[in-house]
Each structure stands twice: as structure tokens, then as C-alpha cells.
Amino acid sequence: MAAMPELPEVEVTRRSFADAIEGATVLQARLGKPLRWPLGLDCASLVGGRVGAVTRRGKYLWLPISGAPAQAGDGSADGSASSAGLLMHLGMSGSLAFTAQAGPPGTHDHFDLLTDRGLLRLTDPRRFGAVVWSPSQQTGPAAKLLAGLGLEPFDPRFNGLHLHAGLSGRRVAVKLALLAGDIVVGAGNIYACEALFLAGIDPRLAAAKLSRPRAERLAQAVRSVLAQALEAGGTTLRDFKDAHGVAGSFQMQARVYGREGQPCLICAHPIKRITQGQRSTFFCSQCQKK
DNA sequence: CTGGGCTCCTGTCAGC
DNA sequence: TGCTGACAGGAGCCCA
């Protein structure tokens with residue numbers, strides 16, 4: 001079962017278990033095969049900890065865990081932002097399930113957090129995902145990983161002006177600049193392609209060459225594509241499911257992604273596929289201009 | 001500082 | 001049916 005964790009999928013996952021797990025007590029933790037980075041803590045040290053409010057930053061989830069007896073120097077016991085916790089990333093193939101009853105771990109289940117309210121389980125075949133212990137979001141490994149992330153797409157400060165400023169002085173193609181995530185987070189390969197199509201912008205256009213008005217349109221398109229996907233339950237192309245195993249509603253139809261050779265929905269010109277930064281870009285050469 | 005390319009690992013699918 | 005190669009939604013890191 002493939003997950004497709006771009007921002008909407010991560011947010012849908014978060015919403016699907018955040019309320020249920022908040023306030024739970026950790027009974028046990030287990031690691032499977034190594035993920036992208038080491039946990040940085042003994043699983044046993046998590047036992048007795050209390051899970052706080054799960055938040056998201058970009059495609060990362062933050063699970064505050066406070067008050068575990070074995071955690072030295074953990075001053076906070078209320079699950080607040082300054083609490084210690086786990087920074088999680090789903091990589092390219094990760095998914096989280098939170099269930100009351102779960103069987104023994106399967107081949108691709110590489111992290112379990114058993115609580116008195118249920119089991120949070122990370123399944124990740126490719127193991128590009130990560131679960132990393134950090135003394136807080138603002139310090140330690142979490143701070144390092146979250147540093148340099150751009151604005152959240154739904155942050156009111158993310159607008160055409162911000163995008164235009166971020167793109168200025170960059171020679172890279174506008175699509176790669178979007179993907180880099182240091183201007184705005186959350187647009188992965190699919191949604192970057194889709195947003196550029198919506199905005200009528202050629203993905204190969206040098207970032208700095210995008211005019212202010214077109215940057216405005218692109219910012220709007222990024223928000224709109226991500227909002228649509230979010231509303232649809234995070235569904236994009238395949239079989240994404242949230243932490244209860246609920247599938248998305250399949251409303252977010254890709255207009256260009258994965259449609260090489262098929263007619264553009266606007267002008268019927270065949271959709272093109274090119275490679276940018278070792279990744280596929282889909283676009284309509286007729287509707288998307290430089 | 002920017003930009004380009006590589007890398008981690010496994011599953012799936014198309015083609016022969 | 002079996003093998004092989006291409007490709008996959010992320011993103012940190014290293015080097016020019």
C-alpha cells in the first residue's frame with residue numbers, strides 16, 4: 001500500500017490521529033530496520049512519557065512527548081511547544097496508522113509507539129522516512145532539520161510578493177525552486193507540476209524571470225492545489241489512506257502529473273514529460289509559457 | 001552562496 | 001513465467 005506523503009497527505013494523517021493520541025501514555029516503543037536517521041534515544045526511555053498535541057511543519061510531524069522518567073533534563077510536562085518529542089517524516093513511502101488493536105509488526109513496520117490509547121505504527125517500505133528524538137523543536141536534531149523551511153502555504157504571509165522575492169536572483173528553473181521548499185513548503189513533485197499548470201507557467205522558466213503578477217498567480221495556484229488535495233482527503237494518484245485506513249475521496253485529479261501523451265484538458269495538446277533535477281516534470285507546452 | 005548531482009531502499013510495472 | 005531495467009510521491013549532503 002503506497003502512501004504519497006506530500007503536505008496534504010501528511011496533514012490528513014496528522015488530523016486523523018492527533019486528537020486520539022493527545023494525552024496518551026507511552027507503554028512501549030519498538031524499532032524495526034533502520035530508517036533514514038537513528039532515533040537518537042533508547043526506545044525504553046520513551047516509556048511512561050505523555051504524548052502532547054501533534055503538529056505539522058512542512059512534511060514533518062512533531063509528536064511532543066514529555067515526562068518520561070528516563071528522559072533526563074525534560075523540564076516540560078504539559079506537551080507544550082518547548083517539550084521534547086519525536087520528529088517524524090514519511091519520506092517517499094511512509095504511512096502512519098493509529099489503531100486500537102494491531103497485530104505483530106510486518107516486514108515494513110519500522111517504528112511502533114504503543115500507548116494506552118492505541119498503537120501508532122510507521123510503515124515504510126523504502127525507509128526514506130525518519131523518527132528522530134529531539135529535546136525540543138527549537139533545539140537539537142529537530143531544529144536542524146526544520147531550519148531553512150519556507151513559509152507554510154496557508155500562512156497569510158505566503159503571497160505573490162513573498163514568492164517573487166524568494167525566486168529573485170535564482171537561476172534554477174521555477175519548478176526546482178518550488179520543490180526546494182525554502183520559499184514555501186509542501187509542494188512536492190506532483191503538486192508543483194499541478195500548480196505550474198494552473199498558473200500557466202512553463203516549469204523550465206528561470207525562477208528569477210517570473211514576473212510579479214505571475215508570481216501572484218503561482219502563489220495562488222500552490223495554495224489552491226494543496227487546498228483541493230487537502231479537502232479531498234489527501235488523495236492524489238493511488239491509494240493513500242489516513243491513520244485509520246480511510247482512503248481519500250479521489251476528488252483531486254491530476255491535470256498533468258502522470259499524463260504524458262494524453263491530451264491537455266484545456267487545449268488537447270499532448271502533455272509532455274521532461275526531467276528536471278532527476279525527477280519527472282509534466283506540463284503542457286501550449287498552455288504553460290516562459 | 002548557488003546549483004547540480006548523488007544517495008539512501010524496496011516495490012512495481014513494462015517489455016522482452 | 002521469469003528476468004531486467006526504468007522509475008517512483010523526499011530531501012539532506014557533498015562538491016564544483
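In this text the structure is predicted, and so the values were computed from the model without any measurement. What's counted below: heavy atoms across the whole structure, side chains too, no hydrogens, waters or symmetry copies. Chain A is the first sequence line, chain B the second, and so forth, proteins listed ahead of strands; every chain is numbered from 1.
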Rounded distance (Å) that lies between atom C1' of B:dG11 and atom CE of A:M92: 12 Å

Contacts of type side-chain hydrogen bond (donor to acceptor under 3.5 Å, both in side chains), residue A:E152, not counting sequence neighbours: A:R56, A:R57

Pairing of A:D112 and A:R121 as salt bridge, 4.0 angstrom limit: yes

Hydrophobic cluster membership, A:V185 vs A:L145, 4.5 Å side-chain cutoff: yes

Which nucleotide in C:dG10, C:dA8, B:dT10 has an atom nearest any side-chain atom of A:H108: B:dT10

Under-4.0 Å side-chain N/O to phosphate OP1/OP2 contact, A:R279 with C:dC7: no

P spacing across the pair B:dG5 / C:dC7, given as an integer number of angstrom: 16 Å

Side-chain N,O (A:Y191) to OP1/OP2 (C:dG10) below 4.0 Å: no

Interatomic distance where CG belongs to A:L167 and P belongs to B:dC1 [whole Å]: 19 Å

Atom-pair distance (CG on A:L87; P on C:dG12), nearest Å: 10 Å

Any pair counted as ring pair (Phe, Tyr, Trp, His ring centres under 6.0 Å), so long as it reaches residues 152-173 of chain A, sequence neighbours left out: none

Dot-bracket encoding per residue of DNA chain B, Watson-Crick/G-U cut-off under 3.5 Å, | denoting interstrand: .|||||||.|||||||

Contact pattern, 5' to 3', of nucleotides 3-9 of chain B - B, S or - by protein heavy atom under 4.0 Å: SSBB-BB

Connected via hydrophobic side-chain network under 4.5 Å: A:V51 and A:W133: yes

Same cluster (ILVMFWY, side-chain, under 4.5 Å), A:I190 and A:V12: yes

Which residues share a side-chain hydrogen bond (donor to acceptor under 3.5 Å, both in side chains) with A:D182, sequence neighbours left out: A:R170

A:R212, CZ atom: more than 12 neighbouring heavy atoms under 6.0 Å: yes

A:K289 atom NZ, over 12 foreign heavy atoms within 6.0 Å: yes

Between C:dA6 and B:dC6 - P atom distance, rounded Å: 15 Å

Distance, rounded to the nearest Å, where A:D124 contributes CG and C:dA11 contributes P: 12 Å

Sub-4.0 Å heavy-atom contacts from residues 182-189 of chain A onto DNA chain C, ordered by number: A:G188, A:N189

Whole angstrom value for the distance that separates P of C:dC13 from CH2 of A:W37: 7 Å

A:S280 vs C:dA8: side-chain N/O to OP1/OP2 distance below 4.0 Å: yes

Aromatic ring pairing A:F17/A:F98, orientation class (parallel under 30°, perpendicular over 60°, tilted between): tilted

Polar side chain donor-acceptor pair, A:R273 to A:S280, under 3.5 angstrom: yes

